[in-house]
There are 2 protein chains.
Amino acid sequence: MHFSVTEENYIKAIFHLQQEDGTVSTNELAAVLATRPASVTDMLKKLKTKKLLSYEKYKGVRLTAEGKRLALAVVRKHRLWEYFLVHTLQFGWDEVHEVAEELEHITSRKLVDKLDVFLGYPKFDPHGDPIPDSQGKMQQQQQVNLIDLPPGTAAEVSAVGSQSTELLELLRHKSIGIGTRLEVKKKFGFDHSIEIKIKGQTAFIISQQLAQALFVKLI
Amino acid sequence: MHFSVTEENYIKAIFHLQQEDGTVSTNELAAVLATRPASVTDMLKKLKTKKLLSYEKYKGVRLTAEGKRLALAVVRKHRLWEYFLVHTLQFGWDEVHEVAEELEHITSRKLVDKLDVFLGYPKFDPHGDPIPDSQGKMQQQQQVNLIDLPPGTAAEVSAVGSQSTELLELLRHKSIGIGTRLEVKKKFGFDHSIEIKIKGQTAFIISQQLAQALFVKLI
DNA sequence: AAAATTATTTAGATTTGCCTAAAAATAAAT
DNA sequence: ATTTATTTTTAGGCAAATCTAAATAATTTT
Ligand SMILES: [Mn+2]
Ligand SMILES: [Mn+2]
Ligand SMILES: [Mn+2]
Ligand SMILES: [Mn+2]
């Protein structure tokens with residue numbers, strides 16, 4: 001089976017959305033794919049006949065095992081290419097998402113596997129997201145949202161909740177990246193901001209929105 | 001300006017064909033693109049309105065300066081990726097053409113230039129074809145067809161005349177590659193076969209077809 | 001120079017992915 | 001339980017890239 005770029009993008013979007021919800025709605029899909037609900041309905045019918053998803057009118061959609069396999073293959077390529085762009089070609093971590101969005105659709109299986117070998121079988125991409133192996137298995141980090149840490153906890157940043165340029169720009173400005181170690185000093189109920197301290201720097205406060213976009217693991 | 005994969009493939013095909021002929025015919029294009037003459041005519045009209053080529057009904061076609069620029073950009077990407085696949089990812093030189101055919105359409109300019117840096121600004125791809133620099137300039141080797149060498153001449157293989165799997169398979173079997181040094185021993189008028197000698201091997205005979213597919217530089 | 005062959009273009013359809021506008025189903029509010 | 005609002009689907013069309021079959025132009029042969 002070989003699928004078009006558009007079909008792969010739909011499958012990947014459904015995969016990501018159904019992590020949160022169990023089942024995915026037409027409107028949600030239209031929103032993340034920047035297209036119209038009517039177009040989504042058309043595509044869902046097609047992907048159903050290709051057995052990549054189960055779909056009943058008005059009932060939302062859910063990937064089949066086959067659809068999940070495809071989604072994981074695309075995610076694997078996306079994240080491996082991002083790792084390549086950052087670690088081999090010296091891109092900034094905020095510059096790679098768009099390019100990987102294209103590279104993830106290159107079809108050669110051999111290419112992906114050789115790239116994986118060359119990179120040394122990385123387990124996480126530059127944004128802290130796990131890279132599926134050639135079997136589609138990925139190592140889940142036991143990570144928690146920074147907003148949920150109680151004061152006094154030390155932690156290491158392990159992932160970001162979005163690839164938006166704005167977020168990554170802010171993080172660069174505050175010198176926060178994957179692997180940064182920090183300690184929660186104080187939490188302010190009024191605006192849910194959090195005071196954190198990074199070794200060698202004076203403590204500073206980050207907003208609720210930023211804290212919610214950061215995932216950490218305890219150390 | 002941004003162009004579709006199909007448009008880029010047409011422009012690249014015209015570029016290669018017009019190296020030999022000055023002007024390119026509808027049927028030639030249909031043949032190399034594995035499509036129908038009628039489809040070619042449609043596309044030529046479109047590419048004309050985009051000012052990538054000059055075209056008069058029944059008169060054949062020729063790239064404009066703009067069209068040539070685009071063609072060289074695609075060729076640059078194609079050959080840089082081939083170099084990457086062979087030298088970085090350890091592909092065989094006979095396995096890379098198809099994959100590069102997809103990778104050449106990735107749009108990021110920054111990606112190409114960073115890839116070029118990473119690879120060390122290579123001047124020739126794995127098949128001996130020159131890689132255009134970011135200005136579109138490429139270094140032409142003063143190479144000659146092996147079939148035209150007189151007996152007694154020593155030479156080094158610098159390029160192959162096609163990327164076909166069959167050719168590359170035959171070359172691997174005879175341990176001939178880019179950089180192989182050889183000497184022409186004798187030429188046989190009957191079938192235009194040529195006896196050649198590679199250092200450390202006993203002399204052997206290659207066919208006219210193979211000799212015509214090999215380009216060499218004198219040493 | 002006329003006839004036959006070959007090359008190229010037009011005409012009319014098809015497929016994919018998308019759109020707008022309108023209809024139908026579901027969910028929420030009164 | 002109706003009415004209202006939201007979500008989703010259908011209907012009908014459009015643009016890109018392709019195709020087959022038929023028409024026209026160019027070339028070659030006789
Ligand atoms: Mn994509
Ligand atoms: Mn990522
Ligand atoms: Mn191509
Ligand atoms: Mn090549």
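Chain naming here is simple, since letters A, B, ... match the order of the sequence lines and numbering starts at 1 in each. As the structure is a computational prediction, the values presented were derived from the model and not from experiment. Note that these values count all heavy atoms, side chains included, but never hydrogens, waters or copies made by symmetry.
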> Taking 4.0 Å as the cut-off, does a side-chain nitrogen or oxygen of B:S39 come that near to OP1 or OP2 on D:dT18?
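Answer no for this pair, as no side-chain N or O of B:S39 is under 4.0 Å from OP1 or OP2.
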
> Which nucleotide wins on minimum distance to the side chain of A:T6, given the candidates D:dT18, D:dT10, C:dC18?
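The closest nucleotide is C:dC18.
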
> In whole Å, what is the span from the CG atom of A:L44 to the P atom of D:dT10?
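The distance from CG of A:L44 to P of D:dT10 comes to 11 Å, rounded to the nearest Å.
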
> Where the side chain of A:Y10 is concerned, which of C:dC18, D:dT7, C:dT10 is the nearest nucleotide?
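So the nucleotide nearest the side chain must be C:dC18.
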
> Counting just side-chain N and O atoms, does B:Y58 come under 4.0 Å of either OP1 or OP2 of C:dT6?
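No, outside the criterion.
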
> Would you indicate what A:K59 reaches in the nucleic acid, counting non-hydrogen atoms under 4.0 angstrom: base, sugar-phosphate, or nothing?
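Touches nothing.
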
> Which nucleotide, C:dT20, D:dT18, C:dA7, lies nearest any side-chain atom of B:T35?
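The closest nucleotide is D:dT18.
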
> With rounding to the nearest 0.5 angstrom, report the CD to OG distance, A:Q208 to A:S193.
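Going from the CD atom of A:Q208 to the OG atom of A:S193 covers 9.0 Å.
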
> Using a strict 4.0 Å threshold on nitrogen-to-oxygen distance, state whether B:R76 and B:E104 make a salt bridge.
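Salt bridge between B:R76 and B:E104, a charged N being under 4.0 Å from a carboxylate O: no.
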
> Less than 4.5 Å apart, any side-chain heavy atom of B:I176 and any of B:L168?
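No - every pair of side-chain heavy atoms lies 4.5 Å or more apart.
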
> Rounded to whole Å, how long is the line connecting atom NZ of B:K48 with atom C1' of C:dT9?
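In whole Å, C:dT9 C1' and B:K48 NZ are 14 Å from each other.
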
> Would you classify A:T26 as touching base, sugar-phosphate or nothing, given that sugar-phosphate means primed atoms plus P, OP1 and OP2, and contacts are heavy atoms under 4.0 Å?
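A:T26: backbone/sugar contact only, no base atoms under 4.0 Å.
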
> May I have the distance from B:L33 (atom CG) to D:dC19 (atom P), rounded to whole angstrom?
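These atoms are roughly 10 Å apart.
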
> Find the distance B:H2:NE2 to D:dA16:C1' and express it as a whole number of Å.
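After rounding, the gap between these two atoms is 15 Å.
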
> C:dT8 phosphate, OP1 or OP2: any side-chain N/O from B:N27 under 4.0 angstrom?
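B:N27 to C:dT8 OP1/OP2: side-chain N or O found under 4.0 Å.
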
> What's the CG-P distance between B:L29 and D:dT18, to the nearest Å?
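Spelled out: CG on B:L29 to P on D:dT18 is 12 Å.
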
> Quick check for you: among D:dT10, C:dT8, D:dT18, whose closest atom lies nearest to any side-chain atom of B:T41?
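My answer, after comparing the listed nucleotides, is C:dT8.
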
> Take the protein atom CE of A:M43 and the nucleotide atom C1' of D:dT10, then report the distance between them rounded to whole Å.
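It is 17 Å, rounded to the nearest whole Å.
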
> Whole angstroms only, please: what is the CG-P distance between A:D42 and C:dC19?
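The answer, rounded to whole Å, is 10 Å.
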
> Would you indicate, yes or no, if D:dT10 has its OP1 or OP2 atom less than 4.0 angstrom from a side-chain nitrogen or oxygen of A:K45?
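True: A:K45 side-chain N/O within range (under 4.0 Å) of D:dT10 OP1/OP2.
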
> Measure from NZ or CZ of A:K45 to the centre of the six-membered ring of A:Y55 and say whether it is under 6.0 Å with the direction within 45° of the ring axis.
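No, a cation-pi geometry is absent between A:K45 and A:Y55.
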
> Map A:K50 and A:K57 onto DNA chain C by nearest heavy atom, then report which one ends up closer to the 5' terminus.
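Whichever sits nearer the 5' end wins; that is A:K50.
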
> Mind calculating the distance between CD (A:E7) and P (C:dT15) to the nearest angstrom?
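Nearest whole value for this atom pair: 15 Å.
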
> OP1, OP2 of C:dT8 versus side-chain N and O of B:Y55: anything below 4.0 Å?
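Indeed not, no polar side-chain atom of B:Y55 lies that close.
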
> Hey, does A:H87 have a side-chain heavy atom less than 4.5 Å from the side chain of A:E82?
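They are not in side-chain contact.
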
